[in-house]
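Below, read A as the first sequence line, B as the second, and so on, with proteins coming before strands; counting in each chain starts at 1.
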Amino acid sequence: MMSSVANRYPLHLRALIYGFILLWVLMAAFPFFWTLWGSFKVELDFFSIANWTNAITGQNTFNTYGSSFTDTGYLGAWIQEEFWRSAINTSIVCFFVVCTSLTIGTLGGYALSRSGYRYTFWLLITALIFRAMPPITLVSGYLLPFFEWNLWGILPTTIIVLVAINQPFTLWMLHSFFQSIPKELDESAKVDGCSQFQAFRFVIIPVMWPGVITTGLFSFLLAYNDFAVTSMLLSDENRTMVPKIAAFLGTTYTEGNVMFAVAAVVSATAPLFILVMFFQRRIVSGLTAGAVKG
Amino acid sequence: MLLFIAFPLVSVVLQSVHTPHEAVLVTVETCGPFGCSQETAIDQDATSALRTSEPLGRFVGFDIYLDRAHLAVGEVKEAWAVADNWDGFFDAIGNLPFYRAMAFTLTFTFTVTPILIIFGLMIALGVNALSEKIKGVVIFVSLLPMIVTPLIGSLILFWMIDSRGILGNAIQWLAADPDLSLKASTILTWVMLIVYGVWHSAPFAFVVFYAGLQTLPMDQIESARIDGASRWQQVRYVIVPHLMPLITFVALIQLMDNFRVFEPIVGFNAEAHATSLSWIIFNDLGGETRQLSAAATSSMLTIFGVAILLSPVLWRTWQDFKGKS
C-alpha cells in the first residue's frame, strides 16, 4: 500500500514521525521500567536527594546490602505485610466476577440480540446510562443495606456489586457481538429441528468464543483495577491488592514502607503486562468493536 | 441488573433525603446536699432504640441538598450579596466544597478530553506510517498506560514527579529552582493531574483511531492528491472527516470517564488542591463517621451531572430510534 513513490514520506516528515513516536513510547514505557528498576533499591536511592544517578547505580543500596539490588521491598510487602493474602483475594474476586458476568451477559446478550421488541432498545439505553454513572455513586446505596444485614466486609457481596456494575457493559458488548453473528445460522438450525435452546447450545456456543473472551478480558480488568468499590466494601483482612497498596501509603510513615508499596505496585502490574502481551489483539479488537459500529 | 443497580439507586435517593436521628435528650434532675440541679443528658437506650427501628433516619426532604456541603444555596446567596465584583463572588464560592470539586471536575473533563483526542490522533497517524515490524511493539507499549490500574499508574507517576524523584529533579533543574515542588502549588497540581489524565486515556483514543485508519478510503486520498492537496490538507479534509464518527464516540466515552475522575486524586495525594465529585463521595463514606446521607446526596448530584452531560447524546439516539420505527 505504501510502496508507491507518491506515497513515500519525505525525509524530514519521516524524521518527525519517528521522533514523535519515540517520544510517545518513552512516555508510555519509561515510568514502568523506572519503577521496576527502582523497586530493587532502598528508599534513599529510589528517592535520591543527593544525586539522581544514585537511582540507577544504587549507591546506597550497595552500601547497605553489599549489592546493587535488594529484594527487601518484596520480602517486606509479600511476607511481612501479607500481600499474598490480597493477591489471593484479588484472584478470587476476579475469577468469580468474570464467570458470573459472562454467564449472565452471554445469555442476556443473546436473548436481546434475537428479540425484536421495543423494550430491548430501552434496556440497552438503560445499560448505557448505568455505564455512565460513576460506580462510587452506587456504593453508598449498597452500604446501608449491607450494614443492616451484616453482609459488609466479605468477598461474596463485593463480587455481587462488581458484577452488577460490570453487567451493563458486558451486556452491551455481547449484544453487539451476537448481532454480528448472522441470524440465518440459528434459523437454519431451527429448520433442521433444533429447539431454541439447542440452537444456542450447538450452533452459537461454538462460534461465540472470540467475543466472550474479549468481554471476559474487560470484565477482568474492571474487577482487577477497581479501587472505589473494593476499598469501601471490604474489611481490612479481606482487602484486594489495589486498596491494600493504598493502605501501605496511608499507614504512618516509616522508613522502607514506601518501598513496600513500590514493590507491591510492581507485583500488581506484572499480571497486567502478561495479559497485554498475550491478548493484545483481543484488547484492540474489543476496544474498536463498539466504536466502529458507532 | 435491574435488581442490583436500580435497587441501590432507590436506596441512594431515599438516603439523600434522610439524615441520622438526633440523640434523644432527657432532662434529669439530680438532687445533692446543696440543692437540686437540672441536667440534660443523652438517653442512650432510647437513642439506639430509635436508630435501630428506623435505620434510615428522619426525613428531612431536600435540606441536605441545600446545606453548606452541597449546593449551599444560603452561602451562594450571601456571597452574591456581599461580593461587589465577579472575582470576589468566585473566591467565595471556591471555598464551598461542592463548587470547588465541580470546578476541578469540569476543568479536568474539558481540558483532558480535547487534548487526548488530538494526541491520540497524532499517535495513530504516526504509528500508521511506521514499518510493519515495529508497529506491534509500539502498540504493545502504547496500551500499557491505559491497561494499568489507575491508582497504580498515578502512584508510579507520583513517585517520579516527587521532588526527590527523577522527573521532579529534572523539572527543578529546568526551572532552576531547587525548592520547586509540584505538590505545593494548586495550578501545578492541576496541570499534573491533567497530564496524567492524558497519559492514561490517550491510548484508548489511539487504538480507536488506528482501527479507523485501516478502513481509510484510498481512492479518495489519491484523488485528493491528484487535485493537489498537500499532506496536511489530506489529513484535514479527508482523514479527519472520515474519522469523525469515531471522534464523537471517543469524546463521549472520555467525557463520561473523565467526569468521574477519582483514583488519580488519591494516588497523587492531591486532596488539598483538587477534589472531584467522586472524591467527595468517597471521603464522606470513608473515615470513622460514615456520612451515608451526605454521600448519597453528592451521588445524586453527580448522577444529575452525568445526565446533563449525556443528554445531547440521549436526545439524538431517541431521534434516531423514532426515525427508525
Donor-acceptor pairs under 3.5 Å, side chain of residues 151-161 of chain B to any protein atom, not counting sequence neighbours: which ones?
residue, atom, partner, partner atom, Å
B:Ser154, OG, B:Pro150, O, 2.9
B:Ser154, OG, B:Leu151, O, 2.9

For residues 270-279 of chain A, dump all side-chain donor-acceptor pairs below 3.5 Å to protein atoms at least two apart in sequence or in another chain.
none

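Residue B:Leu143 touches chain A through its side chain alone, counting heavy-atom pairs closer than 4.5 Å. Using a 4.5 Å cut-off between heavy atoms, B:Leu252 does not touch chain A at all. For chain A, the nearby parts of B:Met122 are the backbone and the side chain; heavy atoms of each come within less than 4.5 Å. Of the two parts of A:Val266, neither the backbone nor the side chain holds a non-hydrogen atom closer than 4.5 Å to a non-hydrogen atom of chain B. Of the atoms belonging to B:Leu125, not a single heavy atom falls under 4.5 Å from chain A.
Across every non-hydrogen atom of A:Met27 and B:Trp199, the tightest pair is O-NE1, 2.9 Å. In this structure, B:Gly126 and A:Ile17 approach most closely via the heavy-atom pair O-CG2, 3.5 Å. Of all the heavy atoms in A:Ala29 and B:Val141, the pair that sits closest is CB-CG1, 3.6 Å.
Once rounded to the nearest 0.5 Å, the distance linking OH of A:Tyr224 with CD1 of B:Ile147 reads 12.0 Å.
Inter-residue side-chain proximity for A:Phe32 and B:Val148 is flagged as met; some heavy-atom pair is nearer than 4.5 Å.
Using the six-membered ring where Trp is involved, A:Phe227 and B:Phe262 have ring planes that are parallel, under 30° apart on the 30 and 60° scheme.
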